[in-house]
Amino acid sequence: MAILKIARMGHPVLARKADPVPEPTHPEIRRLVRDMVDTMEDAGGTGLAAPQVHVPLRVVIFFVEGERAAREDGEDATGEDARGEDGGVPLTVMINPEIEPLGPEQEAGWEACLSVPELAGQVPRYRRIRYRFTDLEGKPQERIAEGFHARVVQHECDHLDGVLYPQRMTDLKSLVFSSEMRHQGQPEMVD
Ligand code: NI
């Protein structure tokens, strides 16, 4: 078990485009993912991208708690995506992921980031996406996501292109300290 140091906004590794992983089944990738899971669990995040632990490779991990997905997506979630019966998405390891928006519709939601500590902001994201990736066994995977699930995937994949959520914000007025968010009625957010 290894908990890795998390890079914060301003470190160049978060601003560059990460490199594709040529060999997803390589033992070094498996070890990196294990350390990323330990680090994400220790930090209490919902996702983590390799550049956040100073590794400029296209590797992302995330999960969505069922209770949380249900709460944030409401009853109009169709359930035709990768989510389980409770609306959650189990821990997913994505190597070389790619996102394709399904329709132009975007919606704003609160996000936070382990690399931008103590802050939160409202970020517009595509409501529905298709995403593809290679798993740790080297197999290609494809999923449809919407709502909170789609938001998490877009946030994490942005890290692979050197983009942090404040760069996606259209109104910096909603960039706030998380500790002040009680004034906003404790909104739920990606972290
Ligand atoms: Ni982040």
Side-chain angles (χ1 to χ4, degrees), residues 6-18 36 40 43-53 58-74 76-78 81-83 87-89 92 94 97-133 143-191:
I6 295 176
R8 297 188 304 169
M9 183 165 63
H11 193 292
V13 75
L14 293 173
R16 60 161 283 186
K17 204 170 159 72
M36 284 173 65
M40 181 178 76
T46 242
L48 194 67
Q52 291 184 276
V53 291
R58 303 186 83 79
V59 177
V60 158
I61 61 171
F62 78 94
F63 71 101
V64 177
E65 280 175 322
E67 199 184 301
R68 184 169 181 171
R71 199 164 57 227
E72 289 173 40
D73 293 345
D76 62 354
T78 61
D81 61 18
R83 297 177 298 184
V89 182
T92 297
M94 305 200 291
E98 291 190 31
I99 294 177
E100 175 194 342
L102 296 175
E105 197 187 337
Q106 298 201 356
E107 60 193 3
W110 287 98
E111 295 186 18
C113 181
L114 296 172
S115 295
V116 190
E118 297 183 34
L119 294 173
Q122 282 212 303
V123 186
R125 297 285 186 187
Y126 289 109
R127 210 183 75 74
R128 278 189 100 228
I129 60 168
R130 174 182 289 124
Y131 63 100
R132 299 182 175 86
F133 59 96
R143 292 177 180 173
I144 304 274
E146 61 182 45
F148 186 71
H149 175 191
R151 176 172 298 279
V152 173
V153 171
Q154 288 170 86
H155 176 116
E156 297 309 330
C157 289
D158 261 357
H159 280 297
L160 306 181
D161 292 326
V163 175
L164 299 173
Y165 79 80
Q167 293 165 253
R168 294 284 189 198
M169 292 178 66
T170 48
D171 184 359
L172 285 174
K173 202 173 176 183
S174 76
L175 188 63
V176 301
F177 284 101
S178 314
S179 55
E180 300 290 352
M181 285 185 77
R182 61 186 181 279
H183 303 297
Q184 317 257 1
Q186 290 287 17
E188 296 296 333
M189 58 181 166
V190 172
D191 57 6

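This is a predicted model, so every value here is computed, not measured.
Here the straight-line distance linking atom OG1 of Thr92 with atom CZ of Phe133 works out to 5.5 Å at 0.5 Å rounding. Atom CZ of Arg127 is separated from atom CD of Gln106 by 12.0 Å, given to the nearest 0.5 angstrom. Ile99 CD1 to Asp158 CG: the interatomic distance, rounded to the nearest 0.5 Å, is 7.0 Å. Atom CD1 of Ile129 and atom NE2 of His149 lie 6.5 Å apart (nearest 0.5 Å). With values rounded to the nearest 0.5 angstrom, Ile61 atom CD1 is found 4.5 Å from Met36 atom CE.
For the pair Arg151 and Trp110, the tightest heavy-atom approach, listed with the atom from each and the gap, is CD-O, 4.3 Å. Across every non-hydrogen atom of Val60 and Ala49, the tightest pair is CG2-CB, 3.9 Å. Pro166 approaches Leu172 most closely through the heavy-atom pair O-CD2, 4.4 Å. Taking every heavy atom of both residues into account, Pro51 and Leu14 meet most closely at O-CD2, 3.8 Å. When all heavy atoms of Met169 and Ser174 are compared, the pair lying nearest together is CE-OG, 3.3 Å. In terms of heavy-atom proximity, Leu114 sits nearest to Ile6 at O-CG2, 3.8 Å.
Using a cutoff of 4.0 Å between basic side-chain nitrogens and carboxylate oxygens, Glu111 and Arg168 are not scored as salt-bridged. Under 4.0 Å is where a charged nitrogen must lie from a carboxylate oxygen, and between Glu98 and Arg132 no such pair does.
The backbone N or O of Asp171 lies less than 3.5 Å from no partner atom in the side chain of Gln122, so there is not a single donor-acceptor pair. Between the side chain of Arg128 and the main chain of Gly103, no donor-acceptor pair closer than 3.5 Å is present. Under a 3.5 Å cut-off, the side chain of Arg130 and the backbone N or O of Glu100 do not form any donor-acceptor pair. Judged by distance alone, with hydrogens and angles left aside, the side-chain atoms of Glu180 form no donor-acceptor pair with the main-chain N or O of Phe177 at under 3.5 Å. Side-chain atoms of Gln154 come within 3.5 Å of backbone atoms of Ala150 as a donor-acceptor pair (strictly under, hydrogens ignored).
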Show your reasoning for whether side-chain contact (heavy atoms from CB on, under 4.5 Å) applies to Tyr165 and Leu119.
CA-CA 11 Å; Tyr165 79 80; Leu119 294 173; 3.7 Å; yes
Would Val89 and Phe62 count as a side-chain contact (heavy atoms from CB on, under 4.5 Å) here? Give the steps.
CA-CA 8 Å; Val89 182; Phe62 78 94; 3.9 Å; yes
Passes side-chain contact (heavy atoms from CB on, under 4.5 Å), Cys113 versus Gln52? Steps please.
CA-CA 10 Å; Cys113 181; Gln52 291 184 276; 3.6 Å; yes
Take Val153 and Met94, measure what side-chain contact (heavy atoms from CB on, under 4.5 Å) needs, and give me the verdict at the end.
CA-CA 10 Å; Val153 171; Met94 305 200 291; 4.1 Å; yes
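Around atom CD of Glu118, no more than 12 heavy atoms belonging to other residues, nucleotides or ligands sit under 6.0 Å away. Within 6.0 Å of CZ in Arg16 there are more than 12 heavy atoms belonging to other residues, nucleotides or ligands.
Proximity of Arg58 to Lys17: side-chain heavy atoms (C-beta onward) are separated by under 4.5 Å at one or more points.
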